[in-house]
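As structure tokens, the structure follows; a few thoughts come after it.
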Amino acid sequence: MPIRPAPRRPQAWLRRAVFGVLAVLLLAHPTAAHEGHDHGAAPEPVATALPRAEAHSDLFEIVAILQPGGALTLTLDRYADNSPLDGAVTLTLDGQEVAAERQGIGLFVARHPLLERPGRLDLVFTVTAAEEMDLLTATLEVPAPAATPGAVVEALALLRSGAVQIGIGLGLLALGLLLGRASVRRPLPPMVEEAPVIRPVEATTRRAAALLLLTAFAAAPAGAQPALVTGEAPRRLQDGAIFVPKPSQRLLSVRTQITEHGEASAALRMIGTLVPDPNASGRVQASQNGRLEPGDAGFPTLGQRVERGQVLAYVTPTYSAAERGSLIQNAAELDAQITILEARVRRLTSLRGTVAEREIVDAQAELAGARQRRTAIQPALSGREPLVAPVSGIVSTVRGAVGQLVDSATTVVEIVDPSRLWVEALAFDRAALERITGANATLPDGRVLDLVFMGRGLTVRQQAVPVNFRVDDPPPDAPIGISVLVTLRTARAVQGIVLPADAVVRSAEGPPVVFEHATAERFIPRQVRVQPLDGTRVVVTAGLEPGKRVVVQGAALIAQVR
Amino acid sequence: MPTKRSLIAAALILLPSLALAHGPSRGPNGGQMQDIGSYHGELLAQDGRLTFFLYDTNDRPLSATGATATGIVLAGGRQQTVTFAPRPDGTALVASGEFRAEPGLRVVVQLVPAAGQPRVQARYAPIEAAR
């Protein structure tokens, strides 16, 4: 009997210890998660996540970003168009010159102990790019390292350090194993009334041991997580401007242009359709009902090049029984007639001299007529009709298959010459058509085709005047029948700032905006009034001043920043 | 890739806007005016000689005695550091070095307006390019 209480006491003690250790670990984990979260998205009143400085001259723009490790990343770009600039940058810090190591085109990294000292730091950049040299100045605020005062925080930090966590994990593992061993069922002496009570205790100790093991394994990865340098994301600022860090600008290849006053001719836009040139396209149709048979070179296929006069297919006529019967009857009658006429011609010819010459000629003419009628009826009876390409070009439509029954006037094949295309458009503004100086068409994929005005109809269609243009040098893969945007240049001139069409994007609110590159990493949306110029350019007539930098490439991507 | 001509054009377009941004760019002594910290500074460049005048925010001249300054000079592809010393009459700081007053001349003045005050700096392109 003295053995019984002995195994129970250590179990109770162990249970308490297990719960204690568990509590410590569970307390430690939330703080660890909180710390990791804080590091990534610290809400700061300023736009920038990392300390940075920027400077520009009329040629260069330089941005210095202080990375968490104390390395200063420098990006060098052209001021006017924001393209990365290859060159060399030397930093002067407190009179000491530090050469920045080149990492790529327009990307440099500088390291110096002064960069790790908190406080204001005056930077002087000496920039050399090809022939140009310049001095640029900037001020960098090096922040004090995040303060962690208090013994509790230090203890927690110690608890979070990798070695300690692994140690705790191993300790818990050993504890768990011990517990498991302690809870192994032992043969108990007989005559024990409390035997059932032990069982639940065993179960809880086992569960606790399993939990401990799990905790021990869970603790290890938390310590092994490396201190990642979080990339700064572009974002929309409170005042509506958009912060795009230089590395992101490089990724999006944002390019700018300095605005300039100019004059351009006003343009008119309308929707048109790409159609084949009427003189260089054709349809192949059967003239009678029949069955399609492949031509000498097989049945025509899409994209096949065909020459004028080439036999593409045959149509074998199909007749109803009555039609066929009357045809055969006609043929039989003609055959009989021919036989009689032949005999008559022979007889009369042998009597030449005694019969009138006119009779012989008449008989011969009658025979020739009968033979011709017989010949004419022959193809209908047994022949087939060849379908001939009316023009040279590319097979653009095939409506039919070998063996298919076609009606007369069914278009079997359409042939188009892709080098000769027209655009048919509907002009609603008739007055503007009087002063057309040029035109072009924009395909849905953005390609621009030059157009030559060919003529206009006089009859209105859908209250608009149909206008025809010839496409100058069409691309070989131009999709025929597609809708295109036709831009007509007129003689009227407009004043404004000429920009590429890509510079103007539609804002979420509706009106068109352009993005002004205000400072190195800030883009300000400017609402503008635009008029189309041609397929690729627009003219900004209001909302933008000359001498500003405006995004001409990547504007749509900046507009998507939330 | 923009051509050199377009760069020059860009520079020409930009110059007036820069001038606008910094207000009147010429000081009473004919040098370039810039904001330097909470002061205004005028830098006059001649061959081998820099003269720096200090003004308050209302462009009233200030005495240069007690002020110390160094200059980083970039000229002819070479960078040098010069030290300014007060003129005997105390109206300006002067420094000398080996450079020519050319449009490519760039000077960064690092100024301690008075002992104990934080250092401020400003960039000058004192010689305007001929139009």
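Partners of B:His40 according to the ring-ring contact (aromatic ring centres under 6.0 Å, His included) rule, which considers only residues two or more places apart in sequence or in another chain, do not exist here.
Taking A:Thr137, A:Asp134, A:Val124 one by one and counting their heavy-atom pairs under 4.5 Å with chain B, the maximum is reached by A:Asp134.
Enclosure of atom CZ in A:Arg250 by more than 12 non-hydrogen atoms of other residues, nucleotides or ligands within 6.0 angstrom is indicated. Crowding of A:Glu263 atom CD: a count of heavy atoms from other residues, nucleotides or ligands under 6.0 Å exceeding 12. Applying the 6.0 Å contact sphere to CZ of A:Arg447 captures more than 12 heavy atoms from other residues, nucleotides or ligands. Environment of CD in A:Glu116: crowded, with over 12 heavy atoms of neighbouring residues, nucleotides or ligands closer than 6.0 Å.
Between the OG1 atom of A:Thr128 and the CG atom of B:Leu74 there is a distance of 7.5 Å, given to the nearest 0.5 Å. Interatomic distance, OG1 of A:Thr92 versus CD1 of B:Ile72, reported as 4.5 Å (0.5 Å rounding). In this structure, B:Arg78 CZ and A:Thr126 OG1 are separated by 13.0 Å, a value rounded to the nearest 0.5 Å.
Interface residues of residues 104-112 of chain B toward chain A, defined by a heavy-atom distance below 4.5 Å and sorted by number: B:Arg106, B:Val107, B:Val108, B:Gln110.
With a 4.5 Å cut-off on non-hydrogen atoms, A:Arg255 does not touch chain B at all. When heavy atoms are compared at a cutoff of 4.5 Å, A:Glu97 approaches chain B solely by way of its side chain, counted from C-beta outward.
Across every non-hydrogen atom of B:Gly77 and A:Met133, the tightest pair is CA-SD, 3.1 Å.
Here the side chain of B:Gln121 pairs no donor or acceptor atom with the backbone of A:Thr139 at under 3.5 angstrom.
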